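Since the structure comes first, as structure tokens, the remarks are kept for the end.
When a residue number appears, it is its place in the shown sequence, counting from 1. Being a predicted model, the structure only gives us computed values, none of them experimental.
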Amino acid sequence: HQNMTQFGYRTLGFGSGGVAGYKADFLVVAGGGAGGYVCGGGGGAGGVVYKTEHSLIPATVYDVVIGAGGASYGRASSPPDQVGNMGVDTTWTINGGATEFTAKGGGGGGQQGNVARNGGCGGGAGHATSAFGDETQTGQSGDSGTYGFGYNGGDGVGVPSYNPGGGGGAGSVGQDALAGASGYSGNGGTGKDLSAVFASEGDSGWFSSGGGGGYMSNVAGQAGTASAGGGGDGATSTTDDGDDGTANTGGGGGGAAGNATYNNGAGGSGVICFKVLTADYTGTTTGSPATRVVGDYTIVEFTGNGSYTA
């Protein structure tokens, strides 16, 4: 028989076979997708996994891989694929063992008749006949889906204004574009608010907002915008670039305007943060994560690859 007692985040085992462990609150964010190139939809944000009181086993090495944001095509007259590039997955893995969390990279924004990419949050549709991207985060197996957050991109529209949709965020779907004389391109979906726990990380505690759809000069030219969470605004004129997503937020990139001379916005890179009792935190890391102390807890932020030994 084994008696278990909980002290804060620490679990103590007494008797034969008892294993001492402790718990931490985890945030795992993937890289955001890039906006579409030329009349582009907003990039989908990186998927988010947020789980409280996740168990860590002492002396176990956990590997951290931070996903990059989807790259912009730059000012290329003939980009190889006018749909925005995908963001890259972020993972937390037992060294030599199972992957415990996978946040899925955001989907790239669509372009004209080219369908937006599916991803952790789906890319926004380009103008005319393209379709928005679906979110893939909540369909992941295990904790990555159970504690996952991601939403679809928004729809684009055809005649007369041809506006693209906004990229999906971790807090809501990308906005659909509106056609007509008072039409507009879609705003990016909202991000995930975790400011109560990670107030100094991400975009003041917000993560993974979708990118805005790019400007269209046909009848109605209003570009889509992004909200808190690191997403980039869509290009606001035919002589403007789509804004990049902010690094280490998972924000989606802004869509390019209806001009092949100017950039689509790149997606923001991902991040892993965890909150653990300072009494439990070992400080044994690689990759030089940032740390800060809040009351009885230490908050750890990995913005690049590394590891933690529990």
Side-chain angles (χ1 to χ4, degrees), residues 31-46 67-88 105-128 130-133 153-154 156 162-169 174-175 177 185-189 208-217 221-226 230-247 249-269:
Y37 191 84
V38 187
C39 315
S72 169
Y73 290 123
R75 294 184 176 178
S77 59
S78 298
D81 184 344
Q82 293 187 331
V83 176
N85 286 312
M86 290 280 296
V88 180
Q111 185 269 341
Q112 294 192 48
N114 297 317
V115 176
R117 300 188 199 277
N118 301 333
C121 300
H127 80 63
S130 72
F132 62 80
Y162 296 97
N163 296 93
Q175 184 185 33
S185 300
N187 295 331
S208 291
S209 58
Y215 167 88
M216 286 300 298
S217 58
Q222 182 177 331
T225 61
D233 294 342
T236 58
S237 74
T238 55
T239 57
D240 181 44
D241 296 327
D243 289 345
D244 295 339
T246 303
T249 66
N259 185 328
T261 305
Y262 289 85
N263 294 352
N264 57 329
S269 54

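Residues that satisfy the side-chain contact (heavy atoms from CB on, under 4.5 Å) test with Ala125, not counting sequence neighbours, are Ser130, Phe132, Asp155.
Inter-residue side-chain proximity for Gln111 and Val38 is flagged as met; some heavy-atom pair is nearer than 4.5 Å. Counting heavy atoms from C-beta on, the side chains of Tyr262 and Thr239 come closer than 4.5 Å. Looking only at side-chain heavy atoms (C-beta outward), Asn263 and Tyr73 stay at 4.5 Å or farther from each other. Counting heavy atoms from C-beta on, the side chains of Met216 and Pro164 come closer than 4.5 Å.
In terms of heavy atoms, Gly231 sits closest to Ser209 at N-OG, 2.8 Å. Across every non-hydrogen atom of Gly234 and Ala223, the tightest pair is O-CB, 3.9 Å. Between Ala45 and Gly210, the shortest heavy-atom contact is CB-N, 4.1 Å. Heavy atoms only, all atoms of each residue included: Gly74 and Tyr37 are closest at O-CE1, 3.3 Å. Minimum interatomic distance between Ala257 and Ala235 (heavy atoms only, all atoms of both residues): N-CB, 3.6 Å. Residues Ser185 and Gly214 come closest through the heavy atom pair OG-O, 2.7 Å.
The closest donor-acceptor contact from the side chain of Asp244 to the backbone of Ala266 lies under 3.5 Å. In this structure, the side chain of Asp240 engages the main chain of Thr236 through a donor-acceptor pair within 3.5 Å. Counting only distance, with no hydrogens or angles, the side chain of Ser72 and the backbone of Asn264 share a donor-acceptor pair below 3.5 Å. Remark: the backbone N or O of Ala71 is paired with a side-chain donor or acceptor of Asn85 at under 3.5 angstrom. Using a distance-only test at 3.5 Å, with no hydrogens or angles considered, a donor-acceptor pair links the side chain of Gln175 to the main chain of Asn187.
Side-chain contact check for Asp233 and Thr225: no donor-acceptor pair (N or O, by modelled atom type) lies under 3.5 Å.
Note that NE2 of His127 and CG of Asn163 are 9.5 Å apart. Values are rounded to the nearest 0.5 Å.
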